[in-house]
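My questions all concern the structure below.
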Amino acid sequence: MKQDYDVVIVGAGASGIGVGSILKQMGCNTFCILEKGEIGDSFRKWPKEMRLITPSFPSQGFGQTDLNAVVPKTSPGYNLNQEHLNGEEFADYLGLIVKHFELPVHTNEAVEEVQKQDNGKYAIHTTKREISSRLVVWATGEFQFPNLSPFPGANYCIHSSHVEAWDELEGDHHIVIGGYESGLDAVYHLDQSGKASDLVAKTSTWRLDSSDPSVDVSPYTFNRIKEVIPKGNISIHENQAVTSVRKEGGQYMVETDLGIILTSDNPPILATGFTGGSQMISHLFQYGEHGKPLVNEEDESIISDGLYLCGPELRHDSHVFCFIYKFRQRFPIVAKSIADKLKLNKDILEMYQKENFYLDDLSSCGERCEC
């Protein structure tokens with residue numbers, strides 16, 4: 001027989017744990033969190049040198065919550081004694097949240113299919129069982145869904161998310177494709193490992209005049225790059241896009257729309273972003289011009305009642321929620337909608353509002369994306 005829940009959360013990362021914590025505090029006892037790997041699995045798969053670009057700082061006592069916290073009155077910076085945490089450390093922080101709230105996380109259980117049934121509930125097929133749920137929160141994130149086909153010949157490349165450690169990458173020279181955070185992080189760590197690189201960037205993000213790291217690069221990344229550029233190990237080819245990659249005679253050849261051809265003995269690095277986990281259930285979403293799922297004011301799919309989107313894929317027109325400190329403010333919005341449907345106690349939301357974890361008026365957002 002199918003196991004029946006009121007709510008199933010898919011993904012035990014920052015979003016899944018964040019929303020699950022609110023539901024538990026609301027008294028919801030008929031929900032579960034499904035995770036195909038371990039808690040914080042995407043963070044554990046980061047290259048070992050990769051760090052959160054937003055700083056973690058324990059300033060809760062003075063009314064400011066750690067930028068990377070997923071629950072008010074917690075601080076990964078304080079718990080792990082790090083300002084820019086690596087992936088393992090942040091995953092450990094999420095594990096502490098799960099333990100504290102005794103969240104019903106089911107690890108090593110991958111969702112294979114989700115269908116909307118005639119009775120209005122969702123049928124969820126996993127690697128272990130069949131589940132029926134009234135509501136679903138899709139919180140799979142982006143990191144484990146890289147964009148592997150941005151141009152012909154991309155199959156010759158290695159996506160940056162598949163690199164376990166930059167200092168263990170074979171070869172002394174690499175071509176990195178993509179000039180945003182992932183690309184700049186790659187050339188920085190290659191330099192730190194004594195390796196040379198060519199960076200091909202369609203947009204010179206480090207030259208943009210914006211205070212929003214969803215559009216521009218963060219100060220953390222900018223200052224690291226500014227530090228290593230004078231060394232001469234990094235050659236930057238800006239304002240041009242890669243049109244193809246091919247392999248000839250043991251060499252990889254990267255061609256741009258300006259007719260420039262760069263060569264390397266090693267596979268190029270793709271830092272071309274991610275498609276997002278919503279593609280797993282694309283039939284339950286309608287997509288907008290920005291390529292992301294369209295949701296209503298409660299972050300619910302506009303074509304599938306009871307299906308919510310949480311995390312870095314979330315978009316509202318020009319508003320981009322691709323950082324923890326942004327998308328965490330929408331956790332209570334989703335939780336409130338669920339509480340209204342399940343008649344749960346919503347008192348905890350007052351605390352979330354006081355802690356600036358509650359963004360329901362998007363007209364007050366000052367950061368906008370023109371892409």
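For the numbers below, each heavy atom of this structure counts, side chains included, while hydrogens, waters and symmetry mates do not. Note that the numbering runs from 1 along the sequence shown for the chain.
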Would you mind reporting whether Lys346 and Leu344 have side-chain heavy atoms less than 4.5 Å apart?
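The answer is no, as the side chains (C-beta and beyond) never meet within the 4.5 Å cut-off.
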
When hydrophobic residues are tied together by side-chain contacts of less than 4.5 Å, even through go-betweens, does Leu362 share a cluster with Leu349?
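Same hydrophobic cluster.
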
So, Trp138 side chain and Ile9 main chain: donor-acceptor pair closer than 3.5 Å or not?
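Not at all, since once roles are kept as given, no pair shorter than 3.5 Å links the two residues.
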
Could you measure the distance from the CE atom of Met26 to the CG atom of Asn345? Nearest 0.5 Å is fine.
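Separation between the atoms: 8.0 Å.
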
Please name the pair of heavy atoms, one in Ile97 and one in Ser21, separated by the smallest distance, quoted to 0.1 Å.
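In terms of heavy atoms, the two residues are closest at CG2-OG, 3.4 Å.
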
Checking Lys116 against Asp305 for the salt bridge (Lys or Arg N to Asp or Glu O under 4.0 Å) test, could you report, in this order, the C-alpha distance in whole Å, the side-chain angles of both residues, the deciding distance, and whether it holds?
CA-CA 9 Å; Lys116 189 74 177 289; Asp305 295 344; 5.3 Å; no

Is there a continuous path of hydrophobic side-chain contacts, each under 4.5 Å between heavy atoms, that joins Leu96 to Leu85?
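Result: no, two separate clusters.
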
Find the distance between CD1 (Ile17) and CG (Leu94) and round it off to the nearest 0.5 Å.
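So the CD1 of Ile17 and the CG of Leu94 are separated by 6.0 Å.
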
Carefully, step by step, assess Ser42 and Phe145 under the rule side-chain contact (heavy atoms from CB on, under 4.5 Å).
CA-CA 10 Å; Ser42 289; Phe145 304 91; over 6 Å; no

Can you tell me if Lys99 has over 12 outside heavy atoms packed within less than 6.0 Å of its NZ?
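Count not over threshold, so no.
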
Can you find a side-chain donor-acceptor pair between His173 and Asp198 that sits under 3.5 Å?
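Distance-only check passes for His173 and Asp198.
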
Does Lys24 NZ have over 12 foreign heavy atoms under 6.0 Å away?
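It does: Lys24 NZ has more than 12 such atoms within range.
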
Can you tell me if Glu109 and Thr126 form a side-chain donor-acceptor pair at under 3.5 Å?
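Side-chain D/A pair, Glu109 to Thr126: present.
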
Distance from Asn79 atom CG to Asp92 atom CG, nearest 0.5 Å?
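If I round to the nearest 0.5 Å, the distance is 10.5 Å.
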
Would you indicate whether the side-chain heavy atoms of Leu34 and Ile131 approach each other to under 4.5 Å?
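They are in side-chain contact.
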
At their closest point, which heavy atom of Arg44 faces which heavy atom of Ala91, and how far apart are they?
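Heavy atoms only, the tightest pair is CZ-CB, 3.4 Å.
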
Applying side chain to side chain donor-acceptor pair (under 3.5 Å), name anything that partners His189, two or more places apart in sequence or on another chain.
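Only Asp185 meet the side chain to side chain donor-acceptor pair (under 3.5 Å) criterion with His189.
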
Taking 4.0 angstrom as the limit, do Asp191 and Lys231 come out as a salt bridge?
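Salt bridge present between Asp191 and Lys231.
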
Do Glu35 and Asn108 meet the criterion of a side-chain donor-acceptor pair at a distance under 3.5 Å?
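The answer is no; no qualifying pair exists.
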
Would you compute the distance between atom CG of Leu270 and atom CD1 of Ile175 and round it to the nearest 0.5 angstrom?
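So the gap between those two atoms works out to 11.5 Å.
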
Heavy-atom check, side chain of Arg246 versus side chain of Glu248, under 4.5 Å
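Touching, per the 4.5 Å side-chain cut-off.
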
Once you measure the plane-to-plane angle for Tyr156 and Tyr252, does it fall in the parallel (<30°), tilted (30-60°) or perpendicular (>60°) bin?
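Perpendicular, since the angle between the ring planes exceeds 60°.
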
Establish, from distance only, whether the side-chain atoms of Thr221 and Glu181 form a donor-acceptor pair under 3.5 Å.
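Glu181 and Thr221 do have a side-chain donor-acceptor pair below 3.5 Å.
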
Looking only at heavy atoms, what is the nearest atom pair of Phe31 and Gly20, with distance?
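So the two residues come closest at CZ-O, 3.6 Å.
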
Tell me, with the steps shown, if Ser56 and Asn68 meet side chain to side chain donor-acceptor pair (under 3.5 Å).
CA-CA 6 Å; Ser56 285; Asn68 297 307; 2.7 Å; yes

Determine, using the 4.5 Å side-chain heavy-atom cutoff (strictly less than), whether Leu294 and Ile281 are members of one ILVMFWY cluster.
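Different clusters.
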
Name the residue from Thr30, Ile33, Ile338 that meets the side chain to side chain contact (heavy atoms under 4.5 Å, CB included) definition with Val7.
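Running side chain to side chain contact (heavy atoms under 4.5 Å, CB included) over Thr30, Ile33, Ile338 with Val7 returns exactly one hit, Ile338.
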
Roughly how far, to the nearest 0.5 Å, is CD1 of Ile261 from CE of Met253?
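Going from the CE atom of Met253 to the CD1 atom of Ile261 covers 5.0 Å.
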
State, yes or no, whether a side-chain contact exists between Trp46 and Leu52 at a heavy-atom distance under 4.5 Å.
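When only atoms from C-beta onward are counted, Leu52 and Trp46 do touch, with a gap below 4.5 Å.
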
Transitive ILVMFWY side-chain link Phe57 to Tyr78, under 4.5 Å
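No, Phe57 and Tyr78 fall in different hydrophobic clusters.
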
Salt bridge check, Glu300 against Lys341: does any charged N sit closer than 4.0 Å to a carboxylate O?
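The answer is yes: the pair qualifies as a salt bridge.
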
I need the single residue from Gln115, Glu130, Glu113 that forms a side chain to side chain donor-acceptor pair (under 3.5 Å) with His125. Which is it?
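The side chain to side chain donor-acceptor pair (under 3.5 Å) with His125 is passed solely by Glu130 among Gln115, Glu130, Glu113.
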
Determine, for Tyr122 and Lys2, whether the Lys NZ or Arg CZ falls below 6.0 Å from the six-membered ring centre while staying within 45 degrees of the axis.
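No, cation not above the ring by the 6.0 Å, 45° rule.
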
Could you tell me if the ring centre of Phe143 sits under 6.0 Å from that of His159?
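Not under 6.0 Å, so no.
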
How close do His174 and Pro267 get, counting heavy atoms only, and between which atoms?
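That closest heavy-atom pairing would be ND1-O, 4.0 Å.
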
Can you confirm whether more than 12 heavy atoms, excluding those of Glu350, are under 6.0 Å from its CD atom?
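Not buried by this count: 12 neighbours or fewer within 6.0 Å.
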
Could you pull out the closest heavy-atom pair between Phe285 and Pro293, with the gap in Å?
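It is CD2-CB, 3.6 Å.
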
Assess, by modelled atom type and distance only, whether the side chains of Asp4 and Ser132 contain a donor and an acceptor separated by less than 3.5 Å.
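Short answer, yes.
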
So does Glu355 pair up with Lys73, basic N to acidic O under 4.0 Å?
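Between Lys73 and Glu355 there is a salt bridge, with a charged N closer than 4.0 Å to a carboxylate O.
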
Hey, any chance Val200 and Leu169 share a hydrophobic cluster, counting ILVMFWY side chains that come within less than 4.5 Å of each other, even indirectly?
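Hydrophobic grouping puts Val200 apart from Leu169.
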
Do Arg330 and Phe321 touch side chain to side chain, with heavy atoms closer than 4.5 Å?
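Yes; the side chains approach each other to less than 4.5 Å.
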
Indicate whether any N or O donor in one side chain lies under 3.5 Å from an N or O acceptor in the other, for Ser75 and Asp66.
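Yes, because at least one side-chain N or O of Ser75 sits under 3.5 Å from a partner of the opposite role on Asp66.
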
Between Arg134 and Asp6, is there a salt bridge with N-O shorter than 4.0 Å?
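No.
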
If every non-hydrogen atom of Val111 is compared with every non-hydrogen atom of Met280, which pair is closest and at what distance?
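It is O-CE, 3.4 Å.
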
Do Tyr308 and Val136 make a side-chain contact, defined as non-hydrogen atoms from C-beta onward lying under 4.5 Å apart?
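Counting from C-beta outward, Tyr308 and Val136 never come under 4.5 Å.
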
Flag the pair Lys45 and Glu164 as a salt bridge only when some basic side-chain nitrogen lies within less than 4.0 angstrom of an acidic carboxylate oxygen.
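Result for this pair is no, no salt bridge flagged.
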
Which pairs with one or both residues in residues 273-283 pass side-chain hydrogen bond (donor to acceptor under 3.5 Å, both in side chains), sequence neighbours excluded?
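The answer is Ser278-Tyr287, Ser278-Glu313.
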
Keeping to residues at least two apart or across chains, list the ring pair (Phe, Tyr, Trp, His ring centres under 6.0 Å) pairs with something in residues 88-107.
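Those involving residues 88-107 are Phe43-Phe90, Phe90-Tyr93.
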
For a 4.5 angstrom cut-off between non-hydrogen side-chain atoms, does Val254 reach Ile177?
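Yes, side chains in contact.
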
Kindly determine whether Lys195 and Glu170 satisfy salt bridge (Lys or Arg N to Asp or Glu O under 4.0 Å), including the steps that lead there.
CA-CA 10 Å; Lys195 304 175 189 292; Glu170 293 184 3; over 6 Å; no

Is there side-chain contact between Leu190 and Tyr188, with heavy atoms separated by less than 4.5 Å?
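No, too far: nothing below the 4.5 Å cut-off.
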
Distance, nearest 0.5 Å, that separates CG of Asp299 from CG of Leu307:
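If I round to the nearest 0.5 Å, the distance is 11.0 Å.
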
Between the side chain of Arg51 and the main-chain N/O of Glu49, is any donor-acceptor distance below 3.5 Å?
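Judged by distance alone, yes, a pair lies under 3.5 Å.
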
Picking from Pro47, Cys157, Pro146, what satisfies side chain to side chain contact (heavy atoms under 4.5 Å, CB included) with His162?
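Checked Pro47, Cys157, Pro146 against His162; only one passes side chain to side chain contact (heavy atoms under 4.5 Å, CB included): Pro146.
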
Taking atom types as modelled and ignoring hydrogens, do the side chains of Glu238 and Gln240 form a donor-acceptor contact shorter than 3.5 angstrom?
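Side-chain D/A pair, Glu238 to Gln240: absent.
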
Please check this pair: side chain of Ser304 against backbone of Ser301, looking for a donor-acceptor N/O pair closer than 3.5 Å.
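Judged by distance alone, no pair lies under 3.5 Å.
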
